[in-house]
Amino acid sequence: MPGREKGPLTEPMYYVLMSFLRREMCGTEITEFVDRKTKGRVHLGPGTLYTLLARFQDEEMIAETSVDGRKRTYKLTDKGRAAFEEELARLRACVNDGLEEEQ
């Protein structure tokens, strides 16, 4: 598995990685993206967000691109994109399995 070898992503992890698909973002922008995208269903508190950002940096799934005072901006790496795409494929397979069983 080229992206993430430790199993499926949690919902907050999935949405944080999704936030980087179109552009670089800072923590505040990520939180706003997730809130807007999920219509408030997924809440990212600062502890969760910054723990995930540190973990993703350690796993080389994101990279820091700039620091301006306390504001840090990050971008998705190829490894992070692969992890997101793997999770998206897994979720699609789960939904398809459920839809087949409903018929």
Side-chain angles (χ1 to χ4, degrees):
M1 194 181 322
R4 182 171 168 76
E5 290 98 27
K6 297 178 183 168
L9 299 174
T10 64
E11 198 169 18
M13 293 168 85
Y14 177 77
Y15 281 102
V16 169
L17 289 180
M18 182 191 296
S19 72
F20 295 113
L21 289 176
R22 294 188 181 179
R23 66 182 182 94
E24 299 176 2
M25 289 195 182
C26 70
T28 302
E29 293 168 322
I30 295 164
T31 301
E32 290 170 356
F33 171 87
V34 173
D35 186 57
R36 185 176 61 253
K37 191 70 167 174
T38 66
K39 297 175 178 62
R41 184 176 46 81
V42 175
H43 175 73
L44 279 182
T48 300
L49 175 62
Y50 291 103
T51 297
L52 289 178
L53 292 175
R55 182 174 176 179
F56 287 157
Q57 273 193 284
D58 289 347
E59 294 179 8
E60 298 178 344
M61 295 169 70
I62 64 171
E64 190 174 82
T65 58
S66 70
V67 178
D68 183 14
R70 293 180 57 194
K71 180 181 177 180
R72 297 176 180 275
T73 303
Y74 306 89
K75 70 175 183 174
L76 194 61
T77 64
D78 289 342
K79 186 174 181 180
R81 183 173 291 277
F84 175 82
E85 289 172 357
E86 288 169 14
E87 184 64 8
L88 182 58
R90 186 188 74 79
L91 292 170
R92 282 181 174 147
C94 288
V95 168
N96 288 336
D97 291 343
L99 291 172
E100 286 176 9
E101 289 304 310
E102 278 189 329
Q103 296 177 3

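When reading the values below, keep in mind they use all heavy atoms of this one structure, side chains included, and skip hydrogens, waters and symmetry mates. Note that the coordinates shown come from a computational prediction; the quantities given were computed from them, not determined experimentally. Each residue takes its place number in the sequence, starting with 1.
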Can you list, pair by pair, the side-chain donor-acceptor contacts under 3.5 Å of residues 89-100, counting residues two or more places apart and other chains?
unit_1	atom_1	unit_2	atom_2	d
R90	NE	E87	OE1	3.0
R90	NE	E87	OE2	3.3
R90	NH2	E87	OE2	2.7
N96	ND2	R92	O	3.3

For this session: Check whether any side-chain heavy atom of I30 sits under 4.5 Å from a side-chain heavy atom of L53, and report yes or no.
Result: yes
Under 3.5 Å, which donor-acceptor pairs do the side chains of residues 65-73 form with other protein atoms, sequence neighbours left out?
unit_1	atom_1	unit_2	atom_2	d
T65	OG1	E24	OE1	3.0
T65	OG1	T73	O	3.2
S66	OG	T73	OG1	3.4
R72	NH1	E64	OE1	3.4
R72	NH1	E64	OE2	2.9

Exercise. How would you list, by chain and number, every residue that makes a side-chain hydrogen bond (donor to acceptor under 3.5 Å, both in side chains) with E11, sequence neighbours excluded?
Worked result: R41
Exercise. Which value, rounded to the nearest 0.5 Å, describes the distance between Q57 atom CD and Y74 atom OH?
Worked result: 5.0 Å
For this session: Determine yes or no for a side-chain-to-main-chain donor-acceptor pair under 3.5 angstrom, with T38 supplying the side chain and V34 the backbone.
Result: yes
Exercise. How long is the span from the CD atom in E85 to the CG atom in L21, to the nearest 0.5 Å?
Worked result: 8.0 Å
Exercise. Which residue pairs pass the salt bridge (Lys or Arg N to Asp or Glu O under 4.0 Å) test when at least one of the two sits in residues 26-39, sequence neighbours left out?
Worked result: R23-E29
For this session: With rounding to the nearest 0.5 Å, note down the distance linking OG1 in T77 to CD in E59.
Result: 10.0 Å
Exercise. What's the shortest heavy-atom distance between G27 and Y50, and which atoms?
Worked result: CA-OH, 3.6 Å
Exercise. Could you give the distance from CG (L9) to OH (Y15), rounded to the nearest 0.5 Å?
Worked result: 12.0 Å
Problem set entry | ring pair (Phe, Tyr, Trp, His ring centres under 6.0 Å) involving Y14 - partner list, sequence neighbours excluded | F84
Exercise. At their closest point, which heavy atom of K75 faces which heavy atom of F20, and how far apart are they?
Worked result: CA-CD2, 4.2 Å
Seminar exercise, completed: Hits for side-chain contact (heavy atoms from CB on, under 4.5 Å) against A54, two or more places apart or cross-chain, chain-then-number order -> none
Exercise. Rounded to the nearest 0.5 Å, how far does CG of L17 lie from CD of E86?
Worked result: 11.0 Å
